Structures are given as structure tokens and as C-alpha cells.
Trainee: 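Quick one: structure below, then a few questions.
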Amino acid sequence: MRRLKVIVILGPTATGKSDCGIMLAQKLGGEIISGDSMLVYKHMDIATAKPNARELSEIKHHLINILEPSEKFNVVDFKERAALLIQDINARGHVPIIVGGTGLYIKALLENYDFAQAQAVGNLRVALENYAIREGNQALHKRLAKLDANAAKNLHSNDRRRVIRAIEVAMQGEEVSQTHAKESPYDAIVFGLHMPREILYPRINKRVDKMVEAGIFEETKKLLAMGVPEDAQAMKSIGYRQVLEYLHDEYDKNTCISKIKQATRNFAKRQFTWYKKMSYIHWIEVAEPSVPEIYVAEMLRVLEQKRKLR
RNA sequence: GCCUCGGUAGCUCAGUCGGUAGAGCAAGGGACUGAAAAUCCCUGUGUCCGCAGUUCGAUUCUGCGCUGAGGCA
């Protein structure tokens with residue numbers, strides 16, 4: 001089987017992935033597939049640092065603004081859609097460029113995670129959730145141990161969410177612990193934008209201040225006015241979550257802004273943890289202020305080198 | 001000027017009846033196979049303000065100094 005070509009640009013939040021992606025797409029005649037769990041939502045623009053309308057129209061972008069904020073989206077949805085898009089874009093003779101920071105999404109796609117077939121069963125989840133609340137996480141974890149001992153061993157009993165999914169899978173005759181990655185159908189070259197934290201963190205703080213100026217508070221209120229439920233998956237994301245807490249008078253506005261900054265910094269740290277395990281990433285060091293031209297030139301150089309080797 | 005109460009981890013503080021200390025938050029590290037910007041786990045050595053005295057031994061007691069808050073003139 002001839003493997004499909006794909007380029008990936010990943011990195012923690014606020015390193016300038018979007019700019020580089022657009023610039024690279026312009027040079028190569030590429031199309032961008034967003035690898036980001038939050039950009040799929042319409043009307044959620046400021047807190048998600050979504051590329052603006054002009055940028056979105058300059059280069060063809062996929063998997064952005066495809067769902068209402070109250071809808072659900074997950075890795076499997078991403079993997080399926082992205083796989084189709086990669087085929088499609090390749091077939092049209094264009095270069096697919098995945099740009100995004102969601103570690104699980106990109107890893108699952110590139111490494112071809114073989115997810116269990118078991119569907120999410122709403123009322124079963126609620127029932128298990130209630131069981132955990134009533135009997136405790138330990139008791140729930142014991143139930144899993146009876147169904148899939150390996151999964152139970154790998155999961156901490158407090159990680160209720162994963163314990164529930166593992167039980168859900170087991171009850172449908174599969175075992176999460178038995179799922180493995182299949183051979184990858186992609187010939188991928190993965191670029192990672194890296195920045196030391198002494199530079200990244202101030203950059204994050206600055207970006208959050210800009211979000212406040214751009215109207216993150218108003219955007220959150222607008223979403224609520226549109227009828228988006230406060231417990232919607234997307235409302236749990238960084239920015240909206242803290243503004244919601246502010247609106248509930250849990251703290252004042254300045255505290256809210258600091259909390260958003262802090263959550264974003266913590267998030268960047270977790271993103272690095274994902275990337276550390278992806279040994280195939282070609283890292284590019286980003287400075288402050290960042291100069292996308294330089295990083296894109298570096299990417300082109302690497303791509304050219306790789307072409308010669310074929 | 002005098003009196004009182006403070007000065008202990010990045011921050012807020014607890015504590016040691018004298019045997020060199022511990023919580024919360026912050027921070028760091030990690031996990032992750034259908035919520036992933038989610039969810040979860042692990043990690044606490046710091047001139048205990050400084051100097052001197054008492055003592056086998058002082059962060060703990062005493063004296064002096066520095067410094068913060070409050071009170072009285």
C-alpha cells in the first residue's frame with residue numbers, strides 16, 4: 001500500500017502554529033486540517049484563539065467551525081474525518097497539513113490507534129457515574145477489575161472517567177486493554193514548535209490579556225444567550241470555564257484573568273508531556289518575537305532533504 | 001520616643017514544653033486508545049530575619065539590632 005503523505009505542525013499553545021501553517025500551505029499549495037479539539041466549534045472564536053476570517057479564507061481550512069457549541073466531538077470523530085480529508089486532499093494533488101495541539105488527536109491519527117467499537121452509551125454512563133457517587137470510586141474500580149483486570153491495573157481508581165469507559169467497553173464484549181495501534185497508513189513528517197518556558201509563559205499571559213481586550217467575557221455571555229448549556233463539553237475549555245465561574249461570583253475579574261493564564265500555562269505543560277513521547281517530532285526552536293518566515297524556511301529545507309532521500 | 005504583636009518553602013500560615021520543621025495554594029514531574037483546552041496520579045531542605053549569650057545542643061529561651069503591622073504619647 002502506498003502511504004499517504006501528510007505534514008503536521010504541532011506544539012504547545014501560543015507558539016504560533018497557525019501562522020506557520022498558513023505560510024507553509026501558501027508555499028506548498030497545501031490545505032490545512034485543524035488538529036484541535038476546540039476549533040471545531042462555531043461561535044467560539046476568542047477563547048480558542050481561532051484563526052480569523054481572513055486567514056480562514058486565504059487558505060482552505062478543514063475541521064474548523066463544523067459544529068454548534070452544544071454538540072459533542074471526540075477522537076474517533078476526528079480520526080475518521082481527518083483520514084478522509086487526507087485522502088481527499090492528496091487525491092486533488094494538494095498537500096494536507098495538520099495544524100494543532102491536541103496530543104491525543106494527532107497521536108491517534110498518526111499512529112493509527114485502533115479504538116474499540118463499543119459505542120458510548122449515555123444512560124449506562126450516568127448509571128455508572130451514580131454508582132461511583134453512591135459507592136465510591138474504589139467500588140467502581142473493583143467492578144472493572146472483574147470485567148477487564150488489565151485495564152483496572154492500568155487505571156487509577158480516581159480516574160472515574162476512564163474507568164467508566166473501560167467498563168462500557170467491557171460490557172459490549174471488548175477490552176480496552178487489548179486495543180493496540182495498527183500500522184500507520186501515513187508517510188508523515190511532523191514539525192514541533194518549541195519554546196522554553198521562560199519565553200512561552202509570558203507569551204501566554206500576553207495572549208490572554210489580548211483575549212480579554214478582544215472580548216472573551218462578552219463572547220461567553222453571547223454563547224449563554226444563544227442557549228449553549230453551561231455544562232456543554234466546549235464550555236469546560238480554558239477561558240469559558242473560568243469566565244463562567246466569574247459570572248457565578250466565585251471570584252473577581254482580575255482573579256478570573258489570572259486563573260485563565262494559569263490554566264493555559266498548565267495546559268502547555270501537559271501538551272509537552274504528550275510530545276515527549278512522540279520521538280519522531282522534528283523540533284523547531286521558536287524565539288520571541290517569533291518569525292514564522294524562518295521556521296517555515298526550516299520546514300521547507302527538511303522537506304526538500306527528505307524528497308532527495310527517496 | 002514608649003508599648004504590643006509579627007518576621008518559618010515562591011505566597012498565606014501552622015509548629016517545635018530546646019534535639020535543625022509541615023499544611024493549603026503556587027510550581028514541577030507523569031499517565032492518557034470514543035469528554036483530551038477534558039480527566040487523573042506523584043513530588044515539600046527551607047541561612048525557621050541577623051548577631052551575641054545560656055546550653056552537650058537554639059528556629060524554639062534571653063539580650064541587642066534590623067524590619068512589618070497596630071496602639072499610646
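Reminder, nothing fancy here: chain letters follow the sequence lines and each chain counts from 1. Computed from a predicted structure; not experimentally measured.
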Trainee: Examine rA38(B): is either OP1 or OP2 under 4.0 Å from a nitrogen or oxygen in the side chain of Gln233(A)? Give yes or no.
Mentor: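 So the side chain of Gln233(A) is outside the cut-off, no N or O lying under 4.0 Å from OP1 or OP2 of rA38(B).
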
Trainee: If I pick the P atom on rC11(B) and the same atom on rG50(B), what distance separates them, to the nearest angstrom?
Mentor: 15 Å

Trainee: Answer with yes or no whether Arg161(A) presents, from its side chain, a donor or acceptor under 3.5 Å of a partner atom in the base of rA36(B).
Mentor: no

Trainee: Select one nucleotide: of rG34(B), rA27(B), rA36(B), the one nearest the side-chain heavy atoms of Met38(A).
Mentor: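 Per side-chain heavy atoms of Met38(A), the pick is rA36(B).
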
Trainee: Would one find more than 12 heavy atoms of other residues, nucleotides or ligands at under 6.0 Å from atom NZ of Lys42(A)?
Mentor: yes

Trainee: Whole-Å distance between rU39(B) P and Lys72(A) NZ?
Mentor: 14 Å

Trainee: Would you classify Thr102(A) as touching base, sugar-phosphate or nothing, given that sugar-phosphate means primed atoms plus P, OP1 and OP2, and contacts are heavy atoms under 4.0 Å?
Mentor: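 Thr102(A): backbone/sugar contact only, no base atoms under 4.0 Å.
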
Trainee: Roughly how many Å apart are rU8(B) and rG15(B), using the P atom of each and rounding to a whole number?
Mentor: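 About 14 Å, rounded to a whole number of Å.
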
Trainee: With heavy atoms under 4.0 Å as the rule, sort Gln119(A) into base, sugar-phosphate or nothing.
Mentor: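 Base, at least one base heavy atom under 4.0 Å.
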
Trainee: Provide the distance between the two P atoms, one in rA21(B) and one in rU33(B), to the nearest whole Å.
Mentor: 41 Å

Trainee: Under the criteria of a ring-centre distance below 5.5 Å and an interplanar angle below 30°, is Tyr113(A) stacked with the base of rU33(B)?
Mentor: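 Yes, aromatic ring over the base.
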
Trainee: Please tell me which of the listed nucleotides, rA36(B), rA27(B), rC32(B), lies nearest to the side chain of Tyr105(A)?
Mentor: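 Closest of the options to the side chain of Tyr105(A): rA36(B).
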
Trainee: Side chains of Arg162(A) and His156(A), heavy atoms from C-beta outward: is any pair under 4.5 Å?
Mentor: no

Trainee: Would you kindly give the CE-to-C1' distance between Met235(A) and rA36(B), to the nearest whole Å?
Mentor: 18 Å

Trainee: Please give the distance between the P atoms of rU47(B) and rG6(B) as a whole number of Å.
Mentor: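 Per the computed distance, 22 Å lies between those P atoms.
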
Trainee: Counting only side-chain heavy atoms from C-beta out, which of rA38(B), rC40(B), rC32(B) sits nearest to Leu104(A)?
Mentor: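 Nucleotide nearest to Leu104(A)'s side chain: rC32(B).
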
Trainee: If you take atom types as modelled and just measure distance, does the side chain of Lys269(A) reach the base of rG29(B) with a donor-acceptor pair under 3.5 Å?
Mentor: yes

Trainee: For nucleotides rU54(B) and rU62(B), find the distance between their P atoms and express it as a whole number of Å.
Mentor: 16 Å

Trainee: Using a distance-only criterion (donor-acceptor N/O pair, under 3.5 Å, no hydrogens), is the base of rG34(B) paired with the side chain of Glu168(A)?
Mentor: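 Result: no qualifying N/O pair found.
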
Trainee: I'd like the P distance from rA27(B) over to rG10(B), given in whole Å.
Mentor: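 The same atom, P, in both gives a distance of 14 Å.
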
Trainee: Would the His194(A) and Phe272(A) ring centres measure less than 6.0 Å apart?
Mentor: yes

Trainee: Can you tell me, in whole Å, how much space there is between the P of rG18(B) and that of rC13(B)?
Mentor: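 Rounded to whole Å, the distance is 25 Å.
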
Trainee: Should Tyr201(A) be listed as having a side-chain N or O under 4.0 Å from OP1 or OP2 of rG28(B)?
Mentor: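 Yes, such a contact exists.
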
Trainee: Between the main-chain N or O of Met44(A) and the side-chain N or O of Lys50(A), is there a donor-acceptor pair closer than 3.5 Å?
Mentor: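 The answer is yes, because a donor-acceptor pair under 3.5 Å joins these two groups.
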
Trainee: What interatomic distance, in whole Å, is found between C1' of rU67(B) and the corresponding atom of rG24(B)?
Mentor: 27 Å

Trainee: Indicate, with yes or no, if the rings of Phe73(A) and Tyr41(A) have centres closer together than 6.0 Å.
Mentor: no

Trainee: To the side chain of Lys276(A), which of rG30(B), rC40(B), rA37(B) is closest?
Mentor: rG30(B)

Trainee: Has the side chain of Arg162(A) got a donor or acceptor atom sitting under 3.5 Å from an opposite partner on the base of rA38(B)?
Mentor: yes

Trainee: Base, sugar-phosphate, or nothing for Ala263(A), non-hydrogen atoms under 4.0 angstrom?
Mentor: nothing

Trainee: If you look at every strand shown and take non-hydrogen atoms under 4.0 Å, does Thr48(A) touch a base, only sugar-phosphate, or nothing?
Mentor: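 Base: the residue Thr48(A), judged by heavy atoms under 4.0 Å, touches a nucleobase.
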
